[in-house]
Structures are given as C-alpha cells and as structure tokens.
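Computed from a predicted structure; not experimentally measured.
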Amino acid sequence: MDASQSDSGKSNRSAQDCIRLRALCSLPDEAVVCRIDAAIFLGVKPQTLAAWESTKRQSLPCIKIGHYAKYRMGTLRAFVARQTSGGRP
C-alpha cells in the first residue's frame, strides 16, 4: 500500500493533492510551505497539524507569521524520518 491509500486500500488523496505532493517533494529543504501543503506532504489533515501544535503532541516546529503557521520542507522531511520505524531514517 502506498502513502496515498488508507488502511482500507481506498485512495484518500485527490488527483490535485497528488500533483501538489510531487511539487512539494521537489522543493529544497529551506523552502517554506503553508499548513495545507505540509498536511498534504505528511498525509494528514491541516486540523491535525494545528492540534499537534497547540497540544505539543508531536515535535514538529513551525514558523508563526501572524496567525499563520508555516513549515520548512527540511523540518517536514526530518519529522517523517523520525517517525519511520523498521527502516533507515
């Protein structure tokens, strides 16, 4: 099962999200993205990222600009590497 499928095997990403994901993967580590794009990259909802930030449930640093949260691609990649189990980080 790939990252675009849920446990039931059904795709939970739209075609637009898949296109955006490809574009996000090609960005350099220093690129800054919005919460929606970070959520697409991680395969979660933007509300989940907001909850993680407010509750400090996950260690995923963000850049606050006013009431907007931005994420560096390098930070997102490092987060995925830390969450990966059974393989090389």
### Task
For R72 and I63, indicate whether the former's side chain and the latter's backbone hold a donor-acceptor pair under 3.5 Å.
no
Atom pair [atom1]/[atom2] of [X] and [Y] - distance to nearest 0.5 Å:
{"X": "E53", "Y": "Y71", "atom1": "CD", "atom2": "OH", "value": "5.5 Å"}
{"X": "I40", "Y": "L21", "atom1": "CD1", "atom2": "CG", "value": "8.0 Å"}
{"X": "K70", "Y": "D37", "atom1": "NZ", "atom2": "CG", "value": "9.0 Å"}
{"X": "L24", "Y": "L76", "atom1": "CG", "atom2": "CG", "value": "8.5 Å"}
{"X": "Q58", "Y": "T48", "atom1": "CD", "atom2": "OG1", "value": "10.5 Å"}
{"X": "C25", "Y": "R77", "atom1": "SG", "atom2": "CZ", "value": "6.5 Å"}

For [X] versus [Y], what's the shortest heavy-atom pair and its separation?
{"X": "A39", "Y": "P46", "answer": "CB-N, 3.6 Å"}
{"X": "S59", "Y": "R82", "answer": "O-NH2, 2.8 Å"}
{"X": "V80", "Y": "F41", "answer": "CG2-CE2, 4.2 Å"}
{"X": "R35", "Y": "A50", "answer": "NH1-CB, 3.5 Å"}

### Query
Does the pair L42 and Q83 meet the rule for a side-chain contact (heavy atoms from CB on, under 4.5 Å), with working shown?
CA-CA 11 Å; L42 296 175; Q83 303 304 312; over 6 Å; no
### Message
Hydrophobic clustering (ILVMFWY, side-chain heavy atoms < 4.5 Å, transitive) - are W52 and V32 grouped together?
### Response
no
